[in-house]
Asks: 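Take a look at this one; I'll ask things after.
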Amino acid sequence: MTFEGTEGAGKSTLIREVAARLQEQGYAVTLTREPGGSPVAERIRAVILEEPMDPWAELFLYEAARAEHLARTVRPALALGHVVLCDRFSDSSLAYQAHARGLPWPKVKALNQAATQGLAPDMTVLLDIDPAVGLRRARDPNRFEDEGVEFQKKVRSGFLKSRREEPRRWFTVRAESGTPAQLAEKVLREFHQRSSQSSRKRASRG
Ligand code: TYD
């Protein structure tokens with residue numbers, strides 16, 4: 001399960017809440033993030049967040065970090081039967097590098113595909129917020145947040161474009177629609193519903 005959203009939506013709080021509840025329910029959970037989530041990928045993250053750079057260079061670094069993160073952290077966790085929760089994933093490259101920074105969408109998609117070798121989340125949560133409200137709420141300013149509300153609006157419409165392309169993968173929660181505990185509850189209900197649907201499908205295939 002991946003979590004996406006613009007700045008200040010409360011994604012990190014939500015993901016921690018969802019992880020804690022799944023663990024209480026007896027699931028083995030791996031909670032991770034992009035860029036980062038493995039030793040090399042965390043070093044690449046530090047380079048990316050340090051200073052602005054050419055958008056293509058930035059994209060390649062995100063994809064390099066992603067390939068490494070999948071190899072070292074995500075695939076091994078999935079092999080152990082863990083539920084993997086990831087704070088941002090390839091939809092962020094589409095929303096930020098393609099839609100907001102202007103790199104061609106199909107090329108970013110192709111690089112996502114190369115980095116992931118087709119491994120895709122079975123559910124992506126969009127924690128949606130009015131970008132202006134989000135920016136006011138963001139307490140940890142970094143260089144991306146400096147780019148202001150117009151940039152965040154583009155990022156948001158990038159997520160919506162991804163969602164239009166694959167509506168079934170996405171589950172949207174409005175950040176203003178409840179406390180973190182209530183939002184986590186909504187996500188978990190959807191997760192359980194989807195899990196029971198896919199196990200019924202597996203059973204009927206035999
Ligand atoms: P972070 O401080 O983790 O932001 P957040 O808490 O909002 O997730 O910084 C990650 C930044 O990297 C964030 O601004 C989004 C950006 N990003 C991309 O531009 N492309 C990507 O592929 C990924 C994974 C992240």
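Whatever order the structure lists them in is the order used to number ligands and atoms, beginning at 1.
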Asks: How would you list, by chain and number, every residue that makes a salt bridge (Lys or Arg N to Asp or Glu O under 4.0 Å) with Asp128, sequence neighbours excluded?
Replies: Arg156, Arg174
Asks: Should Trp105 and Ser162 count as side-chain neighbours, where that means a heavy-atom distance under 4.5 Å?
Replies: yes
Asks: Just let me know how Arg45 lines up against ligand 1, side chain, backbone, both or neither, with a heavy-atom cut-off below 4.0 Å.
Replies: side chain
Asks: Does Lys11 come within less than 4.0 angstrom of ligand 1, counting non-hydrogen atoms of the residue?
Replies: yes
Asks: What atoms of ligand 1 come closer than 4.0 angstrom to any heavy atom of Glu34?
Replies: 24 (C)
Asks: Of the choices Glu4, His69, Arg88, Glu58, which has the non-hydrogen atom that lies closest to atom 4 (O) of ligand 1?
Replies: Arg88
Asks: Atom NE2 in His82, atom OG1 in Thr30: separation rounded to 0.5 Å?
Replies: 5.0 Å
Asks: What part of Arg66 sits under 4.0 Å from ligand 1 if we count only heavy atoms: the side chain, the backbone, both or neither?
Replies: side chain
Asks: Does Gln152 reach the main-chain N or O of Glu7 with its side chain, forming a donor-acceptor pair under 3.5 Å?
Replies: yes
Asks: Kindly compute the distance separating CZ (Phe3) from CZ (Phe171), expressed to the nearest 0.5 Å.
Replies: 10.5 Å
